[in-house]
Number of protein chains: 2
Amino acid sequence: MTTTIGLGLAVSTVIFALRADATGAPSVWLPLVRRTRDPYLDRWALPGGMVRVDESLEGAARRNLGETTRLEPTYLEQLYAFGDVDRSPDQRLVSIVYWALVRPDEAERVTLGENVRWFAADELPDLAFDHNLIVDYALWRLRTKMEYSRIAHAFLGPRFTLAELREVYEAVLRKPLDPANFRRQMETSGVIEPTGEVVTGGRHRPPRLYRYTGAVDLVDAGPLSRRATGAVRPDLRNSA
Amino acid sequence: MTTTIGLGLAVSTVIFALRADATGAPSVWLPLVRRTRDPYLDRWALPGGMVRVDESLEGAARRNLGETTRLEPTYLEQLYAFGDVDRSPDQRLVSIVYWALVRPDEAERVTLGENVRWFAADELPDLAFDHNLIVDYALWRLRTKMEYSRIAHAFLGPRFTLAELREVYEAVLRKPLDPANFRRQMETSGVIEPTGEVVTGGRHRPPRLYRYTGAVDLVDAGPLSRRATGAVRPDLRNSA
DNA sequence: ACAAAAGTGTTAGAAATACACCCATGA
DNA sequence: TCATGGGTGTATTTCTAACACTTTTGT
């Protein structure tokens, strides 16, 4: 009755990780996969695939992520549904796009090869479909959300120095931040607390290690976090 | 090949308008439609319908809006894609949900009757599917976005007094705002300008009429806003 | 004149910003 | 000792909230 024939429903994911660029400074990178069939044969594209009837949208995103890149992101959130009639030359294709953040150590798990490669987010080639547009939008979301939420910690492990946390912000926002003011903003926000440990070995005063408190004050948690399924919203997943 | 059988793709829209509540004060209302078939026969639900193969997602939302309520909203933005496996007891149903704002005079165009009715946003009955959750999320988005964007103008006509604009904010945010400070915030933001006209007839000093300057786009068209024009996104305009 | 809402002025406190300067370590 | 980044102190500016006060109309 409501069966939709000729209309494909897919998911794709924009995966962000911080890696060193040519100058050695950390910047935003993402893995892309080379298409092995038409349309856009041999063009680079976002990892993704069709949604199966028995899996949720986020589930489909996670499955495709694992199958193509072996990644299990610490942060995964829906970005937007793209459904223009002409966005695929082949058939009508609606894509639910997610965006993900992974830690550097996770990023190393990506199976590199002829068909999977990392690209600097601001030096992308011409991608398949409308994927350049999608990445631009995801980058805008990443940078916007970095300013008012605490997603930065999705790029880090459970313990980190304030310098490491600040470098995440600086890499994503592409501007230097005052270490003194950054420290105070983080301390007064109450989202981090010192573990009591310090890191020795540097040729300078040993920095303290911090952890996230989980005292969630996420302004944008929204009703989705209280979903009946018990599924925690990606935003909150790391807060425990 | 990629044909999806048994997976329905629908659009629904949460339509917000300001109407007087029991006390006469303006508050947020939305129109719902009564379902005329299973599942959820006779339950109230968001207006919506299936996406046709030859129409965009937003186009499908606008078409369904017109067919069920005769509304042509001034503001329409994608909210979220809901796709849990069990959200419809019938078949697998993925819904792309939009949210819309309409002016009071537009709201009057809604064809009321046995199967279409306005409800106060905070006094909803048990709705069909997961529509209570969806409305909660849309309300959260409305209130959040009211604080940092200029969507309030979508509830008003081309000319308005500062008191009218303030009442929109107060109705949505459900808290009183200082008229003096509100005036200054609006004036310094540069998004409104006086028309030179005043409104006479009140038993008090005639208020000036203002218009929106157009310095910032009303609709957040998502990634599409910079596709053709290369325009800066509204939210980023003040950060440079 | 009075009530009511429009509109202006002023001040206190909070928050962001800039930057001087001390601290603790490795070499 | 010096270089290096970690960390603290503090003055300046900017933003926000609170509220006293003046203006202009209708009755």
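A, B, ... follow the sequence lines: proteins, then strands. Residue 1 opens every chain.
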message: Which residues pass the salt bridge (charged side-chain N to carboxylate O under 4.0 Å, His left out) test with A/R70, not counting sequence neighbours?
response: none
- prompt: Can you give the dot-bracket line for DNA chain C, where a pair is Watson-Crick or G-U wobble with both atom distances under 3.5 Å, crossing pairs use [ ], and | marks a partner on another strand?
  reply: |||||||||||||||||||||||||||
task: Verify the contact: side-chain N or O of B/R183 to OP1 or OP2 of C/dA6, cut-off strictly under 4.0 Å; return yes or no.
output: no
- request: Could you run through nucleotides 17-27 of chain C and give me one letter per nucleotide, 5' to 3': B if any protein heavy atom sits under 4.0 Å from the base, S if only the sugar-phosphate is that close, - if neither?
  value: BBB---BBBSS
message: Going by ring-ring contact (aromatic ring centres under 6.0 Å, His included), name the pairs with one or both residues in residues 171-211 of chain B, residues two or more places apart or in two chains.
response: B/Y169-B/F182
message: Can a side-chain donor-acceptor contact be found between A/R87 and A/S95 if the only test is distance below 3.5 angstrom?
response: yes
message: Which residues pass the salt bridge (charged side-chain N to carboxylate O under 4.0 Å, His left out) test with A/E114, not counting sequence neighbours?
response: A/R34
message: Just to be sure I understand the geometry, which residues of residues 158-171 of chain A put a non-hydrogen atom under 4.0 Å away from DNA chain C?
response: none
message: Holding to side-chain hydrogen bond (donor to acceptor under 3.5 Å, both in side chains), I want the full list of residues that pass it with B/R159, two or more places apart in sequence or in another chain.
response: B/E197
- line: Contacts of A/E72 meeting salt bridge (charged side-chain N to carboxylate O under 4.0 Å, His left out) (sequence neighbours excluded), chain-then-number -> none
Under 3.5 Å donor-acceptor pairs involving side-chain atoms of residues 116-126 of chain A, not counting sequence neighbours:
none

message: For B/R205, give me all partners under salt bridge (charged side-chain N to carboxylate O under 4.0 Å, His left out), at least two apart in sequence or on another chain.
response: none
- request: Round to a whole Å and report the spacing from CG of B/L209 to C1' of C/dA6.
  value: 13 Å
message: Before we go on, tell me: are the rings of B/Y98 and B/Y80 under 6.0 Å apart, centre to centre?
response: no
query: For B/T188, what residues pass the side-chain hydrogen bond (donor to acceptor under 3.5 Å, both in side chains) criterion, not counting sequence neighbours?
result: none
query: Tell me, do B/I15 and B/L46 make a side-chain contact under 4.5 Å, heavy atoms counted?
result: no
message: Just checking A/Y75 against A/W99, ring centres under 6.0 Å apart?
response: yes
message: Quick test of your reading of the model: are B/R62 and B/E58 salt-bridged, counting only N-O distances below 4.0 Å?
response: yes
field: Contact boundaries on DNA chain D for chain B, cut-off under 4.0 Å to non-hydrogen atoms
entry: D/dA17 to D/dT27
